[in-house]
Amino acid sequence: MKEALEEFMAGIEKDPRICLSHIGVFSVLLHAREEYGGIEPFPIQRKKLMKAAKISSTATYFKIIRQLHEYGYICYLPTFNRMSQSRVALAKEP
């Protein structure tokens, strides 16, 4: 966990696109990964992540997740099946 957090922090120091919402969602994702034993990709639950990251808008949540993926901080593997969960892997190098 420490290594992933250090890599993220080093990356965001130089990245003006990152805001508090990105940091909040990433920290919740980091915690979720630890709950699944550090195995990647790990399943995520939108409602739980939103509550923990203090995000009330679904649109904002998806925007932040998409941006973290586009910026190279995470690998987001969405599912469009309500019966299965989307998965995330934390990128090794942002």
Side-chain angles (χ1 to χ4, degrees):
M1 181 157 104
K2 183 179 178 185
E3 181 182 333
L5 182 58
E6 287 175 355
E7 289 177 9
F8 179 70
M9 295 305 292
I12 67 170
E13 280 183 20
K14 301 169 264 177
D15 193 342
R17 304 170 295 184
I18 299 298
C19 70
L20 285 176
S21 295
H22 294 99
I23 296 168
V25 169
F26 188 86
S27 66
V28 172
L29 290 172
L30 191 58
H31 179 72
R33 182 183 75 164
E34 293 306 307
E35 286 183 336
Y36 285 98
I39 297 171
E40 292 188 23
F42 55 93
I44 58 172
Q45 295 176 353
R46 178 184 55 80
K47 287 183 180 182
K48 282 178 68 174
L49 287 175
M50 286 177 62
K51 183 177 180 180
K54 308 291 189 223
I55 295 174
S56 57
S57 166
T58 304
T60 299
Y61 166 79
F62 283 116
K63 176 182 140 191
I64 297 298
I65 288 286
R66 180 181 43 79
Q67 287 175 341
L68 285 171
H69 175 77
E70 289 172 358
Y71 301 164
Y73 293 100
I74 66 171
C75 179
Y76 176 56
L77 307 165
T79 182
F80 301 101
N81 179 350
R82 290 188 173 262
M83 301 308 289
S84 63
Q85 295 175 317
S86 295
R87 302 175 78 72
V88 169
L90 303 181
K92 298 300 177 202
E93 293 182 26

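Numbering of residues begins at 1 and proceeds along the displayed sequence.
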Separation between CD1 (Ile55) and NZ (Lys63), nearest 0.5 Å, reads 10.0 Å
Is the shortest side-chain heavy-atom distance between Glu6 and Met9 below 4.5 Å? no
Q) Is a side-chain donor or acceptor of Gln67 paired with a backbone partner of His22 at a separation under 3.5 angstrom? A) no
Should the pair Tyr76 and His69 be assigned to parallel (<30°), tilted (30 to 60°) or perpendicular (>60°) ring geometry? perpendicular
Does a side-chain heavy-atom distance below 4.5 Å link Ile18 with Asp15?
yes
- Decide if the gap between the ring center of Phe26 and the ring center of Tyr73 is smaller than 6.0 angstrom. no
Open item on the list: Within the structure provided, determine whether Leu68 and Val25 are in side-chain contact (heavy-atom separation under 4.5 Å).
Closed with: yes
Is there a side-chain contact between Glu35 and His31 in this structure, where contact means two heavy atoms from C-beta onward sitting under 4.5 Å apart? yes
Review point. Are any non-hydrogen side-chain atoms of Leu29 and Ile65 less than 4.5 angstrom apart?
Key: yes
Check: Quick one: does Arg87's side chain have a donor or acceptor within less than 3.5 Å of a partner on Phe42's backbone?
Finding: no
Shortest non-hydrogen pair, Glu40 vs Leu90, comes out as OE1-N, 2.9 Å
Keeping the roles fixed (side chain from Ser86, backbone from Thr79), state whether a donor-acceptor pair exists under 3.5 Å.
yes
